[in-house]
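Working notes, structure below.
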Amino acid sequence: MAYDRTAMLKLLRPAMTRILTPLGRALVGRGIGPNAVTAVGTLGTVVSALLFFPLGQLTWGALVITLFVLFDLLDGVVARLGGKGGSTWGAFLDSTLDRVADAAIFAGLILYFINTDDTLMAAVTLVCLAAGTIVSYAKARAEGLGLTADVGLAERPERLVVALVAACFSGLGVPYILPVGMWLLAVASVITVGQRVVAVYQQTREK
Ligand SMILES: CCCCCCCC/C=C\CCCCCCCC(=O)OC[C@H](COP(=O)(O)OP(=O)(O)OC[C@H]1O[C@@H](n2ccc(N)nc2=O)[C@H](O)[C@@H]1O)OC(=O)CCCCCCC/C=C\CCCCCCCC
Ligand SMILES: O=P([O-])([O-])O[C@@H]1[C@@H](O)[C@H](O)[C@@H](O)[C@H](O)[C@@H]1O
Ligand SMILES: [Mg+2]
Ligand SMILES: [Mg+2]
């Protein structure tokens, strides 16, 4: 059964791939493989999220993190240009390290809220972190069972764009944008968990 793809950012993927292809080709030409790109992207994201955000450097944090999360598109480009179309180990590493990067981004924001004595927003951001992890787990578990759960309002690109744009503009002084972004993301992530559970349930009923 086909499912509607509600996550609109997926439409940007071909364009982003085209933009990153010359860089990917240069990396392949220098013998740099996809796993190195995945590892550097994750390390850069973790270090910048846990450095900039807790210090209140939201704009710089968002910009530097953006640079490193784009490595997640670049690693796939490098894998495909490498000629073998990607490896099983690389696919596992990519998805697993995505969880590490996501945890660091939201942990950095939680530490920022704790440092500014905003316990409520720290809790809302914790919901974003937990629900986002469950969203990814639901898909991985479904795929492990031979099903799909490739649906939802707040898939990873949406979660990253909302969090990073809100942090970026909050750092520039736009009022309320970070709390509003985190509240919206918490609600959208919880809804996405529900959407994936329903999608898997429907497939099990059809079998
Ligand atoms: C200095 C910074 C300037 C800021 C400029 C902002 C530019 C960004 C603008 C827009 C971003 C647009 C978002 C793009 C959406 C893309 C949609 C999408 O689907 O993305 C998914 C991916 C990656 O998914 P995945 O990892 O699954 O795919 P891969 O292509 O990697 O393929 C996986 C397969 O590849 C093989 N493989 C992989 C790795 C490996 N080691 N070995 C392998 O073999 C294997 O077969 C695998 O199965 O991307 C993402 O999730 C990342 C999304 C990035 C979102 C960025 C958000 C930033 C937006 C704004 C930031 C705030 C800045 C505000 C600026 C304001 C200015 C006024
Ligand atoms: O499920 P989700 O968190 O929305 O989306 C995620 C993808 O964007 C990511 O690229 C992949 O490696 C993860 O395993 C996960 O599926
Ligand atoms: Mg990737
Ligand atoms: Mg990924």
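Note that ligands are numbered from 1 as they come in the structure, with each ligand's atoms numbered from 1 the same way.
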Close approach of R196 to ligand 2, heavy atoms, under 4.0 angstrom |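 R196: in contact with ligand 2 (<4.0 Å).
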For R99 and ligand 2, answer yes if some heavy atom of the residue is under 4.0 Å from a ligand atom, otherwise no.
->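 The answer is yes: ligand 2 sits under 4.0 Å from a heavy atom of R99.
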Please could you name the atoms of ligand 2 that [X] approaches to less than 4.0 Å, counting only its heavy atoms?
X	value
D98	9 (C), 10 (O), 11 (C), 12 (O)
D94	12 (O)
S136	1 (O), 2 (P), 3 (O)

For [atom], the protein heavy atom that lies nearest, with its residue and separation:
atom	value
atom 28 (O) of ligand 1	R13 NH2, 2.7 Å
atom 4 (O) of ligand 2	R156 N, 3.0 Å
atom 26 (O) of ligand 1	D72 OD1, 2.7 Å
atom 57 (C) of ligand 1	V161 CG2, 3.6 Å
atom 13 (C) of ligand 1	L12 CD1, 4.3 Å
atom 5 (C) of ligand 1	T66 CG2, 4.2 Å
atom 44 (O) of ligand 1	S87 N, 2.8 Å
atom 42 (N) of ligand 1	G90 CA, 3.2 Å
atom 49 (O) of ligand 1	L73 CG, 3.5 Å

Would K10 and D150 satisfy salt bridge (charged side-chain N to carboxylate O under 4.0 Å, His left out), going step by step from the backbone distance to the final call?
-> CA-CA 11 Å; K10 277 178 180 161; D150 202 11; 3.2 Å; yes
Protein non-hydrogen atom found under 4.0 Å from [atom]:
atom	answer
atom 10 (C) of ligand 1	no
atom 61 (C) of ligand 1	yes
atom 67 (C) of ligand 1	no

At under 4.0 Å between heavy atoms, which part of K139 makes contact with ligand 2: side chain, backbone, both or neither?
->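 Just the side chain.
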Using atom types as modelled and distance alone, determine if a side-chain donor or acceptor of [X] lies under 3.5 Å from a backbone N or O of [Y].
X	Y	answer
R13	L9	no
E143	A140	no
T125	L109	no
D118	F113	no
T204	Y201	yes
T42	A101	no

Would you call [X] a ligand 1 contact, heavy-atom distance under 4.0 Å?
X	value
P157	yes
N35	yes
R80	yes

Between A62 and ligand 1, which residue portion shows a heavy-atom distance shorter than 4.0 Å: side chain, backbone, both, or neither?
->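 The answer is neither.
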Select one of side chain, backbone, both or neither to describe which atoms of D94 lie under 4.0 Å from any atom of ligand 1, heavy atoms only.
->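 Side chain only; the backbone of D94 stays clear of ligand 1.
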Begin with the C-alpha distance, continue with both residues' side-chain angles, and end with the deciding distance and a verdict on side-chain contact (heavy atoms from CB on, under 4.5 Å) for L160 and I65.
-> CA-CA 10 Å; L160 292 178; I65 292 167; over 6 Å; no
Can you tell me how far CG of L126 sits from OG1 of T119, rounded to the nearest 0.5 angstrom?
->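 Between T119 OG1 and L126 CG, I get 12.0 Å after rounding to 0.5 Å.
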Look up atom CG in L81 and atom CG in L27, then write down how far apart they are to the nearest 0.5 Å.
->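 L81 CG to L27 CG: 9.5 Å, rounded to 0.5 Å.
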Shortest heavy-atom approach to atom 37 (N) of ligand 1 - which of S95, A79, C168 =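 That would be A79.
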Heavy-atom nearest neighbour of atom 56 (C) of ligand 1 within options V69, V37, L9 |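 When every heavy atom of V69, V37, L9 is considered, V69 comes closest to atom 56 (C) of ligand 1.
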Specify the closest pair of heavy atoms between T21 and V77, including all atoms of both residues, with the distance to one decimal.
->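 Heavy atoms only, the tightest pair is CA-CG1, 4.0 Å.
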How many protein N, O or S atoms sit closer than 2.8 Å to the Mg ion (ligand 4)?
->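 Those protein atoms number 4 in total.
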